2 protein chains.
Amino acid sequence: MHEQAALRLAVQEQRYTSVRRALVDTLAGAGRPLSIREILAANEDLPQSSAYRNITALIEAGVVRRVTGVDDHGRFELAEELSGHHHHLACGRCGTVEDIAPSARLERAMTEAARVVADEHGYEVLGHQFDLVGTCPACQRSSTEWTMPATRSST
Amino acid sequence: MHEQAALRLAVQEQRYTSVRRALVDTLAGAGRPLSIREILAANEDLPQSSAYRNITALIEAGVVRRVTGVDDHGRFELAEELSGHHHHLACGRCGTVEDIAPSARLERAMTEAARVVADEHGYEVLGHQFDLVGTCPACQRSSTEWTMPATRSST
DNA sequence: AGTAGCAATGAGAATCATTCCCAACTAAGG
DNA sequence: CCTTAGTTGGGAATGATTCTCATTGCTACT
């Protein structure tokens, strides 16, 4: 994994420094997309400017990718080439995002959909995003008093 | 449509004021999710504080829903009950989001996936989100000089 | 019509994430 | 060593979103 990361950075003429290595370790260890805030919490004496700068560098090198969850804050995870392919399950209450395993049938349907749309809209389709939105077990328990989560389903 | 909106606001003991009506008209007329900036542009003398406040009110009433695109800025559209069911196609360059028609096959696969995940993770799945990410025709033309769009595909 | 009560409005301040800037630092090559 | 270019940390700047508050406008009731 670190080799891959170093290699990809090298392509961009960038170094695989200790800060970057730490970020990769943090993301790899989490097993789910992390927000900058979580990344900073996991690396106490890491200046936020360095966190942003290096996350950006890693994104540009293709080592990390940005995930959009239910809130509007960026969350980051290792690129699929380094971590394996998967989908996301987001909690509409607390915003946490979990990784979930992909299904072959769903993959096929999505690929097909992408092809059709590319044809019809003239887009060059680069990828897609499928997230399930729900309420995590913890939030289900901790809140009987509630009615209207910020609506958010598309399909 | 306005009846629906008024009704839903009434449930929350809120009024369907002219500002709110204007917002609904704007969103209905756009046919795609709009950012606050776009909404303000379409309603020249609308104070931004009112735009945010009322969009929030409409979201809480279930008239509008928030869509997260490729950038981290909120975009808003009418709830599907008022506008019909659809997916999104986002341009990774300019961030614009278009509506696209759903496909029956994809719908079935997604519903199935949601069921499986709900079982396995203990989540109460409320909905899902499927967005295709690509490059719109305009951006394809306007930029031959480019290599690495902020990576963003999940599946 | 008159008025109390409460939601709604507009302007700007406050907050929060993210980006930008710059001076000091470090690694790699000659 | 000595140079060069990428890197770092700290803080300022930016931008979007939320909050505050005094004022205004409905609604219902009289």
Side-chain angles (χ1 to χ4, degrees), chain A residues 5-24 26 33-61 63-76 94-97 150 152, chain B residues 5-24 26 33-61 63-76 94-97 150 152:
Chain A
L7 180 60
R8 290 176 182 229
L9 282 165
V11 170
Q12 315 274 314
E13 302 197 307
Q14 302 216 318
R15 299 169 189 153
Y16 193 41
T17 65
S18 59
V19 170
R20 293 173 187 175
R21 188 179 302 262
L23 287 174
V24 169
T26 300
L34 297 180
S35 63
I36 288 287
R37 185 167 283 199
E38 290 171 317
I39 290 171
L40 290 174
N43 296 273
E44 274 199 34
D45 46 5
L46 172 66
Q48 63 158 212
S49 60
S50 292
Y52 278 108
R53 178 155 25 76
N54 287 300
I55 281 289
T56 301
L58 290 170
I59 288 175
E60 279 167 5
V63 176
V64 167
R65 85 185 180 89
R66 157 174 254 139
V67 175
T68 304
V70 281
D71 46 27
D72 279 335
H73 300 148
R75 283 165 191 277
F76 307 89
C94 61
T96 299
V97 181
R152 181 153 201 292
Chain B
L7 180 61
R8 290 175 181 227
L9 282 165
V11 171
Q12 314 275 314
E13 303 197 308
Q14 301 216 318
R15 299 168 191 156
Y16 194 40
T17 65
S18 60
V19 171
R20 290 172 189 176
R21 189 179 302 263
L23 288 174
V24 169
T26 300
L34 297 180
S35 63
I36 288 287
R37 183 168 285 199
E38 291 171 317
I39 290 171
L40 290 174
N43 296 272
E44 275 201 29
D45 46 4
L46 172 66
Q48 65 158 210
S49 61
S50 292
Y52 277 110
R53 179 155 22 77
N54 287 300
I55 280 290
T56 302
L58 291 171
I59 288 175
E60 278 168 6
V63 175
V64 167
R65 85 185 180 89
R66 157 175 254 137
V67 175
T68 305
V70 282
D71 46 27
D72 279 335
H73 300 148
R75 284 165 190 276
F76 307 90
C94 62
T96 300
V97 182
R152 182 152 200 292

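Heavy atoms only: backbone and side chains are in, while hydrogens, waters and symmetry mates are out. This one's a predicted model, so the numbers in the text were calculated from it and none came from an experiment. Quick note on labels: first sequence line is chain A, next is B, and so on, each numbered from 1.
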Point to revise | Y16(B): partners by side-chain hydrogen bond (donor to acceptor under 3.5 Å, both in side chains), with sequence neighbours left out | key: H2(B)
Revision key, fill the gap. Out of dG15(D), dC16(C), dT9(C), minimum distance to the side chain of R20(B) belongs to dT9(C)
Review point. When the nearest nucleotide of DNA chain C is assigned to S18(B) and to T56(A) on a heavy-atom basis, which residue is associated with the more 5' position?
Key: S18(B)
Review point. Rounded to the Å, how far apart are Y16(B) OH and dT9(C) P?
Key: 12 Å
Exercise for review: Among I59(B), N54(B), L23(B), find the residue that satisfies the side chain to side chain contact (heavy atoms under 4.5 Å, CB included) test when tested with V64(B).
Suggested key: I59(B)
Review point. Are any non-hydrogen side-chain atoms of L9(B) and R20(B) less than 4.5 angstrom apart?
Key: yes
Exercise for review: Flag yes if more than 12 heavy atoms outside R21(B) fall under 6.0 Å of its CZ atom; otherwise flag no.
Suggested key: yes
Check your understanding: Atom CZ of R21(B) to atom P of dC26(D): distance rounded to whole Å?
Key -> 13 Å
Exercise for review: Rounded off to whole Å, could you give me the CD-to-P distance for the E38(A) and dT18(C) pair?
Suggested key: 12 Å
Check your understanding: Which letter, B, S or -, goes with each nucleotide of nucleotides 24-30 of chain C from 5' to 3', with contact meaning a protein heavy atom under 4.0 Å?
Key -> -------
**Study point:** Contacting residues from residues 44-53 of chain A, given that a heavy atom lies under 4.0 angstrom of DNA chain D
**Key:** P47(A), S49(A), S50(A), R53(A)
Point to revise | Test side-chain contact (heavy atoms from CB on, under 4.5 Å) applied to A22(B) - qualifying residues, sequence neighbours left out | key: N43(B)
Check your understanding: Listed by chain and number, what are the side-chain contact (heavy atoms from CB on, under 4.5 Å) partners of S49(B), not counting sequence neighbours?
Key -> P47(B), R53(B)
Check your understanding: Going through the checks in order, is the side chain to side chain contact (heavy atoms under 4.5 Å, CB included) test met by F76(A) and I55(A)?
Key -> CA-CA 8 Å; F76(A) 307 89; I55(A) 281 289; 3.5 Å; yes
**Study point:** Spacing of Q14(A) atom CD relative to dA5(D) atom C1', expressed in whole Å
**Key:** 11 Å
Revision key, fill the gap. note: Q12(A), atom CD; dT7(D), atom C1'; distance rounded to Å ~ 16 Å
Review point. Is any side-chain heavy atom of Y52(A) closer than 4.5 Å to a side-chain heavy atom of I36(A)?
Key: yes
Exercise for review: Mind checking side-chain hydrogen bond (donor to acceptor under 3.5 Å, both in side chains) for S35(A) and listing every partner two or more places apart, or none if nothing turns up?
Suggested key: E38(A)
Review point. Between dG10(C), dT17(D), dT18(C), which one does the side chain of I36(A) approach most closely?
Key: dT18(C)
Review point. Within less than 4.0 Å of OP1 or OP2 of dT9(C), is there a side-chain N or O belonging to N54(B)?
Key: yes
Exercise for review: In whole angstrom, give the distance that lies between atom CD1 of I55(B) and atom P of dT18(D).
Suggested key: 11 Å
Practice item. Report the distance from atom CD of E13(B) to atom P of dG5(C), rounded to the nearest whole Å. Key: 17 Å
Exercise for review: Rounded off to whole Å, could you give me the CD1-to-P distance for the I59(B) and dT17(D) pair?
Suggested key: 11 Å
